[in-house]
> 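Supplied in structure tokens, the structure appears directly below.
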Amino acid sequence: MRPFVFILSILYVGFTFLGCSMNLVEMKYSSSLKQNYHLNVNAPIIVAYHKGDLLAASYIPFVIEMLGRRGFNSIYVEGQIPLHRARNIIYVSLVKTMKSYPTSNVEFVPTKMLDKSSCINYDGMYYCREEVYPIITGYSTSLNLSSEYHFIMDWYDIPMKKRILYIDGSIGDGPCIFEGIYQDLIYQTITRIDFSRPEVYSYNSALSYYNFNCILQRTKTLGTKR
């Protein structure tokens with residue numbers, strides 16, 4: 001192998017490893033389940049999206065693929081079979097929520113002052129202890145925004161006309177995350193579904209979809225010596 005090609009290979013492996021390790025993010029999983037309900041993987045299931053949710057509509061094929069990996073073998077999109085022929089219907093939603101929170105910043109300078117309560121008289125001279133106090137020179141407030149991405153599955157039993165399973169997989173906003181995150185979120189959430197009990201927990205996962213230029217820029221910034 002030529003030295004130049006070898007160096008490029010080493011750099012590629014290094015950047016790939018660094019990008020994956022730096023793009024490790026915290027995700028959340030929560031679910032609620034109707035007690036003593038047993039899902040039948042062979043029963044017909046319809047996967048649908050709420051009217052107007054075109055983003056969710058674009059991911060329906062991937063949701064069906066992931067459910068197939070979990071053993072469900074009779075899955076249809078809405079309209080393929082009559083509703084009365086299906087046992088379950090799953091409404092899928094992809095949601096981005098925004099939250100605002102205020103922050104404040106106080107600017108001050110340390111100032112030396114005499115503590116008169118500590119003064120003592122020694123041979124006609126007063127000696128006082130010197131203390132350092134912060135003197136406020138400025139105060140500012142700002143309103144910050146944060147966002148969360150959610151993949152929600154609302155699972156109903158059609159003959160019973162009841163919700164039997166509710167699942168919410170989510171991730172908070174962060175560096176280098178963009179809307180490709182939904183595919184990772186769907187994959188992780190469906191893979192983790194426990195059909196025997198409700199669960200709530202957080203976990204760490206490396207993203208498959210991220211902006212590599214962003215990762216590289218963060219690497220340079222974090223590696224800069226000051």
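Small disclaimer: the values here were computed from a predicted structure and weren't measured.
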> At their closest point, which heavy atom of Glu26 faces which heavy atom of Ile171, and how far apart are they?
O-CG1, 3.6 Å
> What's the shortest heavy-atom distance between Val200 and Ser30, and which atoms?
CG2-CB, 3.9 Å
> Taking the side chain as everything from C-beta on, heavy atoms only, tell me whether Met153 gets closer than 4.5 Å to Leu67.
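Yes; the side chains approach each other to less than 4.5 Å.
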> Looking at side-chain heavy atoms only, is the closest gap between Trp155 and Tyr37 below 4.5 Å?
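No; the side chains remain at least 4.5 Å from each other.
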> When you compare the side chain of Phe151 with that of Val63, does any pair of heavy atoms fall below 4.5 Å?
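Yes. Closest side-chain heavy atoms under 4.5 Å.
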> Over all heavy atoms of both residues, which pair between Ser31 and Ile167 is shortest? Give the atoms and the distance, please.
CB-CG1, 4.1 Å
> Does the side chain of Glu199 come within less than 4.5 Å of Arg192's, by heavy atoms?
no
> If you take all heavy atoms of Ile89 and Ala48, which pair is closest and at what distance?
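Smallest heavy-atom distance, with atoms named: CD1-CB, 4.2 Å.
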> Just by distance, do the side chain of Arg70 and the backbone of Ile190 share a donor-acceptor pair under 3.5 Å?
yes
> Is any side-chain heavy atom of Leu185 closer than 4.5 Å to one of Leu94?
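No - every pair of side-chain heavy atoms lies 4.5 Å or more apart.
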> Measure across Pro198 and Leu33 and return the closest heavy-atom pair with its distance rounded to 0.1 Å.
CB-N, 4.1 Å
> Please round to the nearest 0.5 Å and tell me the distance separating atom OH of Tyr29 and atom CD1 of Ile193.
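Rounded to the nearest 0.5 Å, the OH-CD1 separation comes to 5.0 Å.
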> His150 and Tyr182: which non-hydrogen atoms are nearest, and at how many Å?
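It is O-CE2, 4.1 Å.
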> If we only count heavy atoms from C-beta on, is the Ile81 to Pro44 side-chain gap below 4.5 Å?
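Contact flag for Ile81/Pro44 side chains = yes.
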> Holding to salt bridge (Lys or Arg N to Asp or Glu O under 4.0 Å), I want the full list of residues that pass it with Asp194, two or more places apart in sequence or in another chain.
Arg197
> Could you tell me how the ring of Tyr91 sits relative to the ring of His50: parallel (under 30°), tilted (30 to 60°) or perpendicular (over 60°)?
parallel
> Decide yes or no for Tyr59 and Tyr49: does some side-chain heavy atom of the first lie under 4.5 Å from some side-chain heavy atom of the second?
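Of all side-chain heavy-atom pairs linking Tyr49 with Tyr59, none is under 4.5 Å.
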> Between Ser93 and Asp53, is any pair of side-chain heavy atoms under 4.5 Å apart?
yes
> Answer yes or no: is there a donor N or O on one side and an acceptor on the other, between the side chain of Asp157 and the main chain of Asn88, under 3.5 Å?
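The answer is no, because no donor-acceptor pair under 3.5 Å joins these two groups.
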